[in-house]
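Sequence lines set the chain letters: A, B, ... in the order given, protein chains first and strands last, and positions in each chain run from 1.
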Amino acid sequence: MKPLPRVFYGRDALVVAPDLLGRTLVHETAEGTVAGRIVEVEAYCGPIDPASHAYRGPTRRNAVMFGPAGHLYVYFTYGMHWCANVVAHRDGDASAVLLRAAVPLEGLDVMRRRRVRARRDRDLCSGPAKLTQALGITRPYDGVDLVRGPVRLYDDGTPPPHTPGISTRVGLRVGLGDELLWRYFVPDEVCVSGPARRRTIAEAGATDAATVARS
DNA sequence: GGTGTGATCGTA
DNA sequence: ACGATCACACCA
């Protein structure tokens with residue numbers, strides 16, 4: 001297996017996001033190797049996206065998003081959770097893709113140890129903060145290189161779904177976030193977080209994947 | 001299946 | 001103050 005090359009990330013976040021579905025996220029540590037298949041993501045398009053941490057310009061927290069593509073942007077939220085993004089953009093426009101869910105592939109014993117609350121294996125990585133907890137991704141991993149660093153993204157031959165599920169993004173209040181269908185997921189996948197697991201673009205009533213609002 | 005709520009703290 | 005969340009309690 002080869003890591004995804006740098007050029008993979010040097011595209012618009014709305015192109016990279018659905019192309020991340022089916023890829024494997026691997027973290028090798030002394031504790032052991034843990035890996036999962038990405039099945040749910042959300043695009044955050046920095047300069048045009050009020051919901052993006054990068055919308056109001058660079059700060060200490062979001063600095064990584066303003067750097068080169070193919071690095072990991074990790075942030076702390078709700079006073080207790082970590083979330084991980086893939087920096088993906090052209091022309092340094094500070095866009096990123098939030099990794100929201102994965103299917104556990106390797107190191108299940110380590111994941112269960114880190115997530116004792118998870119009753120079923122399908123809940124080990126079925127949410128953005130669950131995923132980082134299971135994979136052991138916290139503060140020190142902010143800014144690591146996904147091509148050469150301790151956390152890498154691979155193409156193991158599993159193609160992204162021909163027709164990904166699509167919906168509005170989760171957990172946002174700000175205006176645009178409720179109208180843009182920038183969440184992508186593998187249809188009928190039990191490890192996808194939340195209730196819209198089975199919904200596809202057609203079922204959502206959308207005619208334009210990127211921009212159309214719906215009731 | 002669905003909704004409502006407390007936990008907990010860095011960031012702006 | 002508030003959040004790109006989680007887990008659990010409760011109702012259906």
Taking NZ, NE, NH1 and NH2 as the nitrogens, is one of them in A:D156 or A:R37 under 4.0 Å from a carboxylate oxygen of the other?
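The answer is yes: the pair qualifies as a salt bridge.
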Does A:D155 come within less than 4.0 Å of A:R23, counting only side-chain N to carboxylate O?
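Yes, A:D155 and A:R23 are salt-bridged.
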What's A:R100 touching, base or sugar-phosphate or nothing? Going by heavy atoms closer than 4.0 Å.
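Here A:R100 touches the backbone only, sparing every base.
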Inspect the surroundings of CZ in A:R56 and state if more than 12 heavy atoms from other residues, nucleotides or ligands are less than 6.0 Å away.
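No, not enclosed.
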Looking at A:R112, I want to see if its CZ is surrounded by more than 12 non-hydrogen atoms of other residues, nucleotides or ligands under 6.0 Å.
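Yes - once you tally the heavy atoms of other residues, nucleotides and ligands closer than 6.0 Å, there are more than 12.
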In terms of side-chain heavy atoms of [X], which of [options] is nearest?
| X | options | answer |
| --- | --- | --- |
| A:P128 | C:dC6, C:dC8, B:dT11 | C:dC6 |
| A:M80 | C:dT5, B:dA7, B:dA12 | B:dA7 |
| A:K130 | C:dA4, C:dC6, C:dT5 | C:dC6 |
| A:T59 | B:dG10, B:dA12, C:dA4 | B:dA12 |
| A:Y75 | C:dA4, C:dA7, B:dT11 | C:dA4 |

Calculate the interatomic distance between [X] atom [atom1] and [N] atom [atom2]; express it in whole Å.
| X | N | atom1 | atom2 | result |
| --- | --- | --- | --- | --- |
| A:E40 | C:dT5 | CD | C1' | 12 Å |
| A:N62 | B:dG10 | CG | C1' | 14 Å |
| A:R139 | B:dG10 | CZ | P | 9 Å |
| A:H81 | B:dT8 | NE2 | P | 11 Å |
| A:E42 | C:dG3 | CD | P | 15 Å |
| A:L98 | C:dA4 | CG | P | 10 Å |
| A:D142 | B:dG10 | CG | C1' | 13 Å |
| A:R115 | C:dC6 | CZ | P | 8 Å |

Report yes or no: is the ring centroid of A:Y78 under 5.5 Å from the six-membered base ring centroid of B:dA7, with the two planes under 30 degrees?
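Stacking between A:Y78 and B:dA7: absent.
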If each of A:G79 and A:H53 is mapped to the nucleotide of DNA chain B with the nearest heavy atom, which maps nearer the 5' terminus, i.e. the 5' end?
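It is A:G79, whose closest nucleotide lies nearer the 5' terminus.
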A:R60 side chain near B:dA12 phosphate (N/O to OP1/OP2, under 4.0 Å)
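Checking B:dA12 against A:R60, no side-chain N or O comes under 4.0 Å of OP1 or OP2.
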Looking at C:dC8, I'd like to know if its phosphate oxygens (OP1 or OP2) sit under 4.0 Å from a side-chain N or O belonging to A:R117.
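Yes.
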Taking the six-membered ring of A:Y154 as reference, does the NZ or CZ atom of A:R152 fall below 6.0 Å from its centre and within a 45° cone about the axis?
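No cation-pi geometry.
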C1' spacing across the pair C:dA7 / B:dG10, given as an integer number of angstrom:
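The answer is 22 Å between these two C1' atoms.
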